[in-house]
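Throughout, a chain's letter reflects where its sequence line sits, starting with A, and its residues are numbered from 1. Below, all heavy atoms of this structure are taken into account, side chains as well, without hydrogens, waters or symmetry copies.
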Protein chains: 2
Amino acid sequence: MVTLAEVARHAGVSASTVSYVLSGKRSISAPTRERVEQSIKELGYHPNAGARALASSRSNIIALMVPLRTDMYVPVMMEVAIAVATTARAHGYDVLLLTGEEGPAAVRRVTGSGLADAMILMDVELEDERLPLLRDARQPTVLIGLPADTVGLTCVDLDFTATGALCAEHLAQLGHREIAVVGEAPAVYERHTGFAVRTLEGLRGRARELGLRLLHRPCEGSYESMAGALARIFDERPGTTGFVVQNEAAIDPLLSLLRRQGRAVPEDISVVAVCPDQVAAQASVRLTSVAIPAEEMGRRAVELVVAKLEGRGADEVTLLAPELTVRASSGPAPHTAP
Amino acid sequence: MVTLAEVARHAGVSASTVSYVLSGKRSISAPTRERVEQSIKELGYHPNAGARALASSRSNIIALMVPLRTDMYVPVMMEVAIAVATTARAHGYDVLLLTGEEGPAAVRRVTGSGLADAMILMDVELEDERLPLLRDARQPTVLIGLPADTVGLTCVDLDFTATGALCAEHLAQLGHREIAVVGEAPAVYERHTGFAVRTLEGLRGRARELGLRLLHRPCEGSYESMAGALARIFDERPGTTGFVVQNEAAIDPLLSLLRRQGRAVPEDISVVAVCPDQVAAQASVRLTSVAIPAEEMGRRAVELVVAKLEGRGADEVTLLAPELTVRASSGPAPHTAP
DNA sequence: CCAGATAGTCGAAGCGCTTCAACTGGCTTT
DNA sequence: AAAGCCAGTTGAAGCGCTTCGACTATCTGG
């Protein structure tokens with residue numbers, strides 16, 4: 001193991017000079033800098049992370065807490081995680097991967113040990129038990145998702161309320177009056193996951209304003225559960241012509257089932273999904289959808305947390321405006337018998 | 001920040017005693033231990049990670065390099081990552097998430113800085129440029145996946161050759177003679193990804209032995225590309241009755257298309273997939289499949305790497321035996337006109 | 001031509017922990 | 001009763017780095 005001291009000796013300077021060359025916190029003459037850099041290269045020197053962390057009380061690590069569950073939005077999670085890792089590296093940070101498993105204990109461990117300089121939490125619940133701990137942690141934190149009370153917190157999320165509203169508007173504009181919402185699995189609602197609840201609120205609110213009839217049915221991602229939900233929907237509201245799909249796992253089953261029942265998309269039934277663009281574009285019918293901007297959420301979260309680490313930036317809630325892309329799964333409502 | 005020294009003072013013992021209580025590396029009398037533990041609790045002490053790393057030259061961190069690309073097997077990646085994180089925690093390690101983006105540089109950074117005690121690499125290519133670096137790194141490494149040359153390396157992977165063979169056997173046993181393989185996207189092969197190549201080799205080898213005719217067609221996950229591939233398959237080999245699907249994104253499109261063409265599964269066409277059990281069970285037809293044991297691969301990788309860290313365990317290649325589960329998508333080959 | 005600023009470098013004091021050698025006092029062993 | 005051993009505890013020496021204050025040499029403006 002090559003140490004700073006050895007580099008210093010090799011370059012004929014003091015240890016502090018080498019340190020300042022590395023950090024740039026003091027000016028160093030060009031010849032000295034070059035000599036030091038040359039020595040670093042020749043010796044193959046790499047600063048020791050532990051020693052650095054101890055001396056500077058900065059680890060250059062950002063902790064990312066991802067949900068343990070894989071009952072929803074796995075691709076979204078993965079995309080966020082990768083965006084976080086990539087963006088963090090671009091700012092000189094590494095990413096520590098924590099699963100939700102430990103819950104609040106993980107937060108305590110990280111904040112207490114100085115393992116990470118900052119934290120990013122995903123899959124925040126409306127009344128998340130980790131929040132009180134964050135409020136008086138030394139480390140700045142950014143949430144991806146929106147809890148019920150955001151006072152003193154920095155959050156990034158898609159504006160799911162607006163997303164719901166946007167879906168309702170799109171279908172209303174096309175003349176649809178009876179809308180079914182294929183929701184997330186019941187467990188997701190029971191967990192008080194913000195985005196699921198908010199999307200529904202947005203849908204309901206706008207539907208009321210526009211005079212739409214709305215029927216919400218939770219749905220596991222499987223084919224069977226979608227079949228069951230669909231049967232109940234048409235049973236209860238035979239006039240349904242518009243679907244909003246919130247659960248991306250339900251998309252393929254829904255399209256399959258509709259086709260099998262002889263209902264054409266978009267001629268008889270219009271479908272709007274809330275999912276990443278890639279998923280929407282790959283389905284058997286190219287789906288009209290509101291994109292979930294996973295990459296942007298991850299990137300923004302890192303940028304916000306880095307800003308806080310550098311003393312810039314304050315607490316704020318960043319809601320990304322939803323964008324609806326019209327593809328091949330939505331069209332004018334069919335004329336029904338008068 | 002509470003330090004070890006403060007705990008020692010509070011408990012009326014020396015710092016080293018507190019350290020030994022924490023690490024258990026020396027025997028401590030019960031009364032002393034209790035007093036120290038009490039002080040730790042009262043003061044809310046958490047050992048400082050940086051100081052620990054510096055003094056012990058162990059960071060208690062395992063680095064996990066995941067592929068940057070999301071062109072395949074996202075759920076598998078995610079499941080592996082979560083299993084790694086969970087298992088690592090159970091052994092007292094945290095996980096550092098690295099993306100493939102930096103390539104060999106990331107390996108150098110981690111091994112050089114002592115940021116992590118060990119590494120786990122996913123998505124290893126047959127001639128991976130990171131391998132030479134690993135061979136003489138201080139940190140033990142485990143690969144998930146199999147490079148061409150495994151000398152001096154520890155690897156865990158599903159036995160994809162056997163997997164391919166198993167699929168061929170299953171279909172042969174049911175009387176199928178003409179088999180089509182829906183492969184990964186061409187980019188995956190160009191990248192020399194081991195599992196894709198090996199699966200194919202296993203299929204080809206066994207097919208030859210059993211007298212099956214095999215047709216391999218790469219396929220992006222999209223509906224369009226599956227439609228194209230399928231058309232070409234039936235065009236070239238109208239007698240095809242068995243399908244092996246390697247690309248999990250192609251599963252739903254394939255089933256949809258077959259149904260639309262009036263080909264019944266499993267009456268006319270049998271389908272065997274290589275994918276996680278959850279995916280197989282959720283498809284519109286419950287799929288006969290060989291499971292990709294993502295959780296087990298992640299768990300094993302951590303166990304192997306921890307064993308190496310503790311001086312147990314040596315270099316070895318662990319190939320998990322494939323298991324084929326018969327579900328509703330495969331059945332006897334239809335009797336064709338003589 | 002000198003006071004004061006500025007650039008460039010260094011020495012030394014830690015950062016909070018682990019671990020080694022050494023010590024103490026009570027036991028067992030012969 | 002002397003020798004040896006063991007459990008339990010301690011002091012001190014770092015681990016490799018950052019950073020503060022101090023020092024020297026070179027400029028700058030009045």
Walking DNA chain D from its 5' end, the first of B:Gly12 and A:Ala15 to be reached, judged by nearest nucleotide, is B:Gly12
Interatomic distance, CD@B:Glu295 vs CZ@B:Arg300, rounded to 0.5 Å, equals 10.5 Å
TODO: Return no unless some side-chain N or O of A:Lys25 is found under 4.0 Å from OP1 or OP2 of D:dT18.
DONE: no
Residues in residues 48-57 of chain B with a heavy atom under 4.0 Å of DNA chain D, by number, are B:Leu54, B:Ala55
The reported gap from CG in B:Leu115 to CG in A:Asn48 (rounded to nearest 0.5 angstrom) is 9.0 Å
request  = Could you tell me whether B:Glu129 atom CD has more than 12 heavy atoms of other residues or ligands within 6.0 Å of it?
outcome  = no
To the nearest 0.5 Å, atom CG of A:Asp159 lies from atom CG of A:Leu320 at 8.5 Å
Rounded to the nearest 0.5 angstrom, the OG1-CD distance for A:Thr87 and A:Glu296 is 11.0 Å
Here the distance between atom C1' of D:dG16 and atom CZ of A:Arg58, to the nearest Å, is 19 Å
Point to revise | N/O (side chain, A:Thr17) to phosphate O (OP1/OP2, C:dC10) under 4.0 Å | key: yes
Heavy-atom nearest pair, B:Thr193 first then B:Val188, reads OG1-O, 2.9 Å
From the candidates C:dC10, D:dT10, D:dT19, the one with an atom nearest any side-chain atom of A:Ser14 is C:dC10
Tell me if the CD atom of B:Glu316 is crowded by more than 12 foreign heavy atoms within 6.0 Å.
yes
- Task: In sequence, state the C-alpha distance, the side-chain angles, and the governing distance for A:Ser14 and A:Thr17, and then conclude on side-chain hydrogen bond (donor to acceptor under 3.5 Å, both in side chains).
- Result: CA-CA 5 Å; A:Ser14 76; A:Thr17 300; 3.2 Å; yes
From the list B:Leu96, B:Thr111, B:Leu143, B:Val142, side chain to side chain contact (heavy atoms under 4.5 Å, CB included) with B:Met119 holds only for B:Thr111
Find every protein N or O atom lying less than 3.5 Å from an N or O atom of nucleotides 4-8 of chain C, and list the pairs.
residue : atom : partner : partner atom : Å
C:dG8   : OP2  : A:Ser27 : OG           : 3.1

Between CG of A:Asn60 and C1' of D:dC17 the distance, given in whole Å, is 13 Å
Taking C:dC17, D:dC17, C:dT19 as options, the one with an atom nearest any side-chain atom of B:Ser19 is C:dT19
Requested in this report: Please report the C-alpha distance between B:Arg89 and A:Glu101 in whole Å, then the side-chain angles of each, then the deciding distance to 0.1 Å, and finally whether the salt bridge (charged side-chain N to carboxylate O under 4.0 Å, His left out) criterion is met.
Outcome: CA-CA 10 Å; B:Arg89 277 307 306 146; A:Glu101 193 194 28; over 6 Å; no
Taken to the nearest whole Å, CG/A:Leu115 to P/C:dC17 is 13 Å
Distance col, row B:Asp128:CG vs B:Leu134:CG, nearest 0.5 angstrom, shows 8.0 Å
Students should find that the end-to-end axis angle of the helix from C:dC1-D:dG30 to C:dT30-D:dA1, with five pairs defining each axis and rounding to 10 degrees, is 20°
Considering only heavy side-chain atoms of B:Ser16, the closest of C:dC17, D:dT19, D:dG11 is D:dG11
Rounded to whole Å, the CG-C1' distance (A:Leu22 to D:dC17) equals 10 Å
Taken to the nearest whole Å, CG/A:Leu4 to C1'/D:dC15 is 13 Å
- request: Tell whether B:Tyr20 reaches the base of C:dC20 with its side chain through a donor-acceptor pair below 3.5 angstrom.
  value: yes
Exactly one candidate in A:Leu158, A:Leu121, A:Ile120, A:Val124 meets side chain to side chain contact (heavy atoms under 4.5 Å, CB included) with A:Ile144; the answer is A:Ile120
